[in-house]
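The analysis underlying the following values was restricted to heavy atoms, covering all of them including side chains, and did not include hydrogens, waters or symmetry mates. In each ligand, atom 1 is the first atom listed, and ligand 1 is the first ligand listed. Fair warning: this is a prediction, and the values are worked out from it, not measured in the lab.
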Amino acid sequence: MRERLPESLQQKIEERLRYYEDLGIRLFYRDRSASLISRGNDPPEVLNASAVRAAQEIALPKPKIEAPKAAAMPPVERIEPVIRPCGPSLFEAVDKVADDTLLKIREDIGDCTRCKLHKGRHKIVFGDGSATAQLVFVGEGPGADEDAQGLPFVGRAGKLLTQMIEAMGLQRKDVYICNVVKCRPPENRAPEPDEVATCSPYLFRQIDVIHPKVIVCLGAVAAKTLLQTNRGITQFRGQWLDWRGRKLMATYHPAYLLRNPNAKGEVWKDLQKVMAELGLQPPKKKSS
Ligand code: URA
């Protein structure tokens, strides 16, 4: 009978596999020979290359082979494929990813040219705030002011977001603010699916590293990206949802509120739910 892994470890592995899937890594294989092969004999490059080849062989469709005529073929000895260890095992990888930091993520992004948004940007807008924040706000993508300063939400919509944060009894430095895409889309258009697909793995890593209690998605792009849904934001705005075991609330984008001030009351109700979850009190009004 197969022994079951402890539930906590199973959950950790499931979470990690989902993370790899989000990064586009979908092929995994189990290394049955890891314990039989001494790692010391081969340099790591050789181990990696052979394991990649083995993985590719598993991934490739098998060529069609004509059935041999029975009499013409000598008996064939079956050779078990040797799958050699490749870098860290899944267990080591869990720890390695647990070592991730905002600095490493920023370094991995580098002077990014992975999608077409790089062509028009001045500054990459990585994110800003506390690396240990309980609350992360996720916007859509930088606008002109953010592109010029390299900081998220510093334009008109940003000023409104700052007021919202302060109304919750917090300061900007207490929370973390970032976007789905890190470069400004031209004419402030919404980021396109290929741009979101390229950039969002870095957002997922940022959230994983910060490990907040609550994620607030500002607007449909952030909500759709994290929840992987095409449903309109009005269908789930203000409800508690799950993102990889963390609480997520989607609300309207501050830029939408600038155009539709009547919706501010709805957003304030959403933020009050967030405050209750985080045990926050609104700041006391200064007496005159
Ligand atoms: N709008 C966003 O979605 N993000 C910013 O950083 C600024 C405006």
Side-chain angles (χ1 to χ4, degrees), residues 102 105-106 109 112 115-131 133 135-168 170-207 210 212 214-229 232-234 236-237 243 248-261 263-264 266-267 270-271 274:
L102 292 176
I105 302 167
R106 181 64 191 86
I109 292 175
C112 187
C115 86
K116 55 190 179 301
L117 291 182
H118 80 276
K119 291 182 193 156
R121 72 144 187 263
H122 291 101
K123 288 200 174 149
I124 291 177
V125 179
F126 178 67
D128 188 33
S130 164
L135 175 57
V136 168
F137 287 95
V138 182
E140 181 176 313
D145 296 302
E146 292 76 19
D147 177 60
Q149 295 185 41
L151 289 169
F153 282 97
V154 288
R156 271 184 77 220
K159 297 219 160 58
L160 181 53
L161 176 62
T162 305
Q163 284 171 13
M164 285 154 54
I165 292 168
E166 288 172 357
M168 296 172 78
L170 293 167
Q171 307 272 306
R172 267 179 78 113
K173 65 173 174 48
D174 300 325
V175 302
Y176 193 81
I177 307 173
C178 53
N179 284 304
V180 172
V181 294
K182 314 274 183 250
C183 297
R184 181 190 181 199
E187 318 295 333
N188 294 341
R189 65 155 169 77
E192 291 174 353
D194 60 310
E195 296 154 2
V196 171
T198 305
C199 214
S200 55
Y202 300 104
L203 167 67
F204 302 156
R205 280 174 67 187
Q206 282 173 297
I207 301 175
I210 296 165
V214 173
I215 302 158
V216 171
C217 289
L218 299 168
V221 170
K224 288 178 176 184
T225 302
L226 288 180
L227 297 169
Q228 305 270 287
T229 180
I233 188 171
T234 47
F236 52 82
R237 198 217 91 241
W243 188 77
L248 181 150
M249 166 97 47
T251 195
Y252 294 130
H253 194 286
Y256 174 82
L257 296 182
L258 291 175
R259 297 190 301 273
N260 302 278
K264 281 185 183 173
E266 297 299 299
V267 171
D270 300 343
L271 295 181
V274 173

Atom indices of ligand 1 within 4.0 angstrom of [X] heavy atoms, with elements:
X	result
His253	1 (N), 2 (C), 3 (O)
Glu140	2 (C), 3 (O)
Pro152	6 (O)
Gly139	3 (O)

Give me the nearest non-hydrogen protein atom to atom 4 (N) of ligand 1 as residue plus atom name, then the distance to 0.1 Å. Asn179 OD1, 2.8 Å

Has ligand 1 got any nitrogen or oxygen that is less than 3.5 angstrom from a nitrogen or oxygen of Phe153? yes

Tell me which one of Gly141, Pro254, Gly155 gets a heavy atom nearest to atom 5 (C) of ligand 1. Gly141

Spell out, as yes or no, whether a donor-acceptor pair under 3.5 Å connects the side chain of [X] to the backbone of [Y].
X	Y	value
Glu146	Val154	yes
Glu266	Ala263	no
Glu195	Cys183	no

Apply the side-chain contact (heavy atoms from CB on, under 4.5 Å) test between Phe153 and each candidate in Thr162, Asp128, Asn179; give the one that qualifies. Asn179

Minimum heavy-atom distance Ile233-Ala223, with the two atoms named: CD1-CB, 4.5 Å

For Asp194, the salt bridge (Lys or Arg N to Asp or Glu O under 4.0 Å) test, sequence neighbours excluded, returns Lys116

